[in-house]
**Q** 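Okay, handing you the structure first.
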Amino acid sequence: IGFDAFGIHSENYALAVGTNPAQLIPRNIDTFRRQLRRFGGMFDWRHELSTTDPAYYKWTQWLFLQLFKANLAYKKRAAVNWCPKDKTVLANEQVINGRCERCDTPVEQRLLDQWFFRITDYAERLLRNLDAVDWSESTLALQRNWIGRSEGAELVFKTPAGQAITVFTTRPDTVFGATYLVLAPEHPLVETLTAGEQRATVRAYQREVQARDVVARRVGEKVKTGVFLGSYARNPATGESIPVWIADYVLMEYGTGAIMAVPAHDDRDHEFATQFRLPIRQAVNVAGEALPSVSEDGVLVNSGQFDGLSCREGAKRIVAWLAEQHVATPKVQYRIHDWCISRQRYWGPPIPIIYCDRCGPVPVPERDLPVLLPPIEDFRPDDSGVSPLARHTEWYNVPCPQCGGAGRRETDVSDTFLDSSWYYLRYPSTEFADRPFDPARTKTWLPVTSYIGGNEHAVLHLLYSRFITMVLKDQGHLAFEEPFPKLRAHGLIVKDGAKMSKSRGNVVIPDAYIKQWGADTFRMYLMFLGPFQEGGDFRDEGITGVRRFLEKVWTLAHEAAGPEPHGQGDALPEAVERKLHQTVRKVTGDTASLNYNTAIAAMMEYVNVIREHGAGTRNAVRPLVLLLAPYAPHLAEELWTVLGGGGGSVFDERWPAYDERLAQAGDVEIAVQVNGKLRARLQLPRGASQDDVVTRALADAGVKKFVDGNPVKKIVYVQDRLVNLVV
RNA sequence: GCUCGGGUGGCGGAACGGCAGACGCGCUGGCCUUAGGAGCCAGUGCCCGCAAGGGCGUGGGAGUUCGAGUCUCCCCCCGAGCACCA
């Protein structure tokens, strides 16, 4: 078990209540521990960890150093969301409709130097491996979506002065229709491509875009804006001179930060061209009607020697043709970006780098880890745009580890997703102070047998963990590269049809329910109210059914423990014995496949059968208590003792076995259909022959009526289940 | 717009292509009670019918099949994720 309490959310909470997180977090963890124990959660508390513990984050910093050494960590200037009122960096999730979630101030973007991990180097592997893992389809889809692979080509458009503008396109087949180019406003070529008379206009537009925040730029107004640079480039396919623009619908972060615009075949380009009256080379059919945009199953027209080819074939040939002229390269592009791990905050592990004027960025030697987060009072972020740690010269002024000269610590801390990207590797090895994870322990326990989490982790946590595991494998620290070969996402428990949230006030606090109903009732109700992987609606009324069930079990066990009216050790009535074996079979399977709701329903059915037959004997109830143990551990443990147990805990007992023959014994009910409609039911011994069943069926009055003397044309017989007479 | 889930009684939800609605909540009637917000028994998809019985039913429409909630195609609605990704 572990607790992950670094990060902006913990820090913001600490700021809100005015207490240093270093004091606050241990108190909150105590509460979690108490709730988890009270709930009946069974964890190996000997192997507890906390990501805020220096003994843990020492190895988080070690992890950073491994990536740094492998050239998978680098620093670059990147935009962050900045709230000018709160004077702080915001995560994307903290920006709501372009405004700060706390003070509603419009958010701006600021450019800061930040540390990144080259997760994009692993994009192909992260995507490919998904074919081989046992994960739920929904999670796979989210992750594939996030990685966002696109196949296409990079094409080069040259200016008269010989400058090359490289664009990425998934539709090289449409290059003959490219009538202008658009660069992202931040594109490095903008400066040199801007004509003198356009300089002021371009500058103004760049400033306007920069004032907008990162989120609003992406999801905000869809009205297209942009300006002409005053220069031209040559379409490599047609040789035409076409104008070069900048517009913020082109993003510097994707592809090359530049596109060829094909207004006839791309809706966005079409909108832009219409708005700025740019030429649209509309493709038409023989009747002169405009052809639809986007379509990938069309045939090339207005494309010189490539006319008549399918789009797919045309794309291939055109790229090959342009490649001969060195102006095209086939290219696979990914949506995923490198992982920015810098946080200009206090509450996280300091990034273990020391800057030296002579040596540049120098990694902290491993023997000097951990770089301790200093206990400071003024941890509130300020308007400087740097971490609060940057106010503490006594902390950041250190000698350079390489040359001994004056050095300065990195004052940013790392993303909390880095903390959680490797915790499962630490779990079995918590007692080792001199290594992050012990090889022998790791071999025994990892990779994770069965990983369960919410879909909110489908992209970030799961992607980062997979990436880190791959890196560690490539460096020889691990023998596997997928940390979670089997993963299931639990659903969300909602309340009153909505996600629980403090602001909405529809929160279920476990303590109150446990007090009223008991821990076993509460946890079992959570399992019963819907399919585990879909979640469900928590309604107070539903909980009584589970409570009543557990009371019935309690009563049965105490009656069975008393003097036996039917005599101890007696065989169970046949119907009860059969149901027992069916129940063990069902609960065993459903528990393994996480179908907890139907496992509980099966136990309820079994209790109903015992009660119908007045068969509440030890032989009937003891196996039930074993089945119940993972679901209602407190009650099961007590009832096991009441029933004489084996002298020890119910959890030391073997899981009950079932006998397939006994589960199947007895009569079966066979459905009789006439022309596919149910007309009768027959009680027959299991294994009856088709002839017997048909004879019995035709003798049935209800069946006769619908056969009505007609010849039976066809008989469909499913052993022990159904017969269908087609007349 | 793209990608995933979903759509079944009054409600939460069950159903290897083979008896739709298991289990639970709620509701109705009865028993027991000074009492019932406890417990026990019976009933409870909708329509017709005193009943026996019959008809109709898994968002809508087509199809495959002896047989479709389940498979195929088209459409509608709800939820989630991504989203000016070229």
Side-chain angles (χ1 to χ4, degrees), chain A residues 136-146 148-150 152 167-171 174 178 182 184 217-224 247-251 253-262 265-269 271-272 294 333-337 455-456 458-459 489 491-492 494 497 499 525 528-531 533-546 548-549 551-552 555 586 595 597-608 611 669-682 702 705 713-727:
Chain A
S136 34
E137 199 48 50
S138 57
T139 315
L140 287 173
L142 287 170
Q143 194 144 124
R144 289 195 178 109
N145 231 323
W146 188 267
R149 184 180 195 275
S150 296
V167 306
F168 173 72
T169 177
T170 54
R171 297 292 305 276
T174 64
V182 188
R217 167 123 177 240
R218 284 207 290 258
V219 292
E221 298 289 308
K222 301 282 162 120
V223 177
K224 300 246 176 328
D248 77 342
Y249 82 93
V250 174
L251 308 172
E253 312 92 76
Y254 187 76
T256 61
I259 63 157
M260 64 174 197
V262 186
H265 292 288
D266 183 282
D267 293 337
R268 297 154 303 186
D269 296 343
E271 192 190 324
F272 189 80
V294 186
Q333 194 58 243
Y334 299 91
R335 206 195 66 93
I336 189 175
H337 297 134
N455 251 339
E456 71 272 21
V459 280
L492 200 63
V494 298
K499 191 173 168 177
Y525 175 57
F528 184 61
L529 63 76
Q533 299 190 50
E534 287 169 34
D537 199 15
F538 189 102
R539 295 168 312 126
D540 287 1
E541 313 90 72
I543 203 169
T544 56
V546 172
R548 288 208 272 254
F549 165 71
E551 280 172 2
K552 284 175 192 167
T555 306
K586 176 84 174 152
N595 294 116
N597 56 333
T598 49
I600 292 168
M603 288 188 270
M604 288 173 167
E605 282 186 55
Y606 179 54
V607 164
N608 291 344
R611 284 158 56 90
E669 195 179 69
I670 296 178
V672 181
Q673 297 178 337
V674 179
N675 291 338
K677 290 214 173 214
L678 179 71
R679 295 304 177 186
R681 290 171 179 152
L682 298 175
K705 191 165 108 190
K713 283 187 285 200
K714 181 171 180 180
I715 295 167
V716 180
Y717 181 65
V718 183
Q719 181 76 52
D720 295 333
R721 292 192 73 97
L722 164 143
V723 63
N724 186 13
L725 306 172
V726 184
V727 297

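Below, read A as the first sequence line, B as the second, and so on, with proteins coming before strands; counting in each chain starts at 1. All values derive from a computational prediction rather than experimental measurement.
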**Q** Taking N or O atoms only and anything under 3.5 Å, show me the protein contacts with nucleotides 50-55 of chain B, one pair per line.
**A**
from: rG55(B); atom 1: OP2; to: Arg679(A); atom 2: NH1; distance (Å): 3.3

**Q** What's the closest nucleotide to the side chain of Gln673(A) if the choices are rC19(B), rG81(B), rC4(B)?
**A**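 Closest nucleotide to the Gln673(A) side chain: rC19(B).
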**Q** Please name all residues satisfying side chain to side chain donor-acceptor pair (under 3.5 Å) with Glu541(A), sequence neighbours left out, ordered by chain then number.
**A** Arg539(A)
**Q** Classify Val726(A) by what it touches in the nucleic acid, base, sugar-phosphate, or nothing, heavy-atom distance under 4.0 Å.
**A**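 Sugar-phosphate: the residue Val726(A), judged by heavy atoms under 4.0 Å, touches backbone atoms but no base.
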**Q** Go ahead and name the base partner of rA35(B); Watson-Crick or wobble counts if both distances stay under 3.5 Å, otherwise write none.
**A** none
**Q** Rounded to whole Å, please give me the gap between CG in Asp537(A) and P in rC78(B).
**A**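 It works out to 19 Å between those atoms.
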**Q** Under 4.0 Å between a side-chain N or O of Asn724(A) and OP1 or OP2 of rU65(B)?
**A**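 No, no such contact exists.
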**Q** Mind checking Asn597(A) for me? I need base, sugar-phosphate or nothing, with any heavy atom below 4.0 Å counting as a touch.
**A** sugar-phosphate
**Q** Go nucleotide by nucleotide along RNA chain B from the 5' end; which of Ile670(A) and Leu142(A) gets its closest nucleotide reached first?
**A**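 Closer to the 5' end of RNA chain B: Ile670(A).
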**Q** Whole angstrom is fine here: how far is it from CG in Leu725(A) over to P in rG18(B)?
**A**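 Roughly 19 Å, once rounded to whole Å.
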**Q** In terms of side-chain heavy atoms of Arg681(A), which of rC19(B), rA86(B), rC84(B) is nearest?
**A**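 Among rC19(B), rA86(B), rC84(B), the one nearest the side chain of Arg681(A) is rC19(B).
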**Q** Tell me what Ala601(A) touches on the nucleic acid: a base, only sugar-phosphate, or nothing, going by heavy atoms under 4.0 Å.
**A**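 Touches a base.
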**Q** Tell me whether the side-chain N/O atoms of Ser150(A) come closer than 4.0 Å to OP1 or OP2 in rA86(B).
**A**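 Yes, such a contact exists.
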**Q** Going by side chain to side chain donor-acceptor pair (under 3.5 Å), name the residues that satisfy it together with Ser136(A), two or more places apart in sequence or in a different chain.
**A**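 Side chain to side chain donor-acceptor pair (under 3.5 Å) list for Ser136(A), sorted by chain: Thr139(A).
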**Q** With respect to the side chain of Tyr254(A), which nucleotide from rC19(B), rA86(B), rC84(B) is positioned closest?
**A**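 So the nucleotide nearest the side chain must be rA86(B).
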**Q** Please pick, from rG81(B), rC19(B), rC84(B), the nucleotide with the shortest atom-to-atom distance to any side-chain atom of Lys224(A).
**A**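 Of the candidates, rC84(B) comes closest.
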**Q** Here's a test of your reading of the structure: between Gly530(A) and Thr256(A), which maps to the more 5' nucleotide of RNA chain B?
**A**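 Its nearest nucleotide being more 5', the pick is Gly530(A).
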**Q** Picking from rG81(B), rG18(B), rG39(B), which would you name as closest to the side chain of Arg548(A)?
**A** rG39(B)
**Q** Is there a donor N/O on one and an acceptor N/O on the other, under 3.5 Å, for the side chain of Lys713(A) and the base of rC66(B)?
**A** no
**Q** Expressed as a whole number of angstroms, how long is the span from Arg721(A):CZ to rC19(B):C1'?
**A**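 Rounding to the nearest Å, CZ of Arg721(A) and C1' of rC19(B) are 9 Å apart.
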**Q** Round to a whole Å and report the spacing from CD of Glu137(A) to C1' of rG5(B).
**A** 11 Å
**Q** Below 4.0 angstrom from OP1 or OP2 of rG24(B), is there any side-chain N or O of Arg539(A)?
**A** no
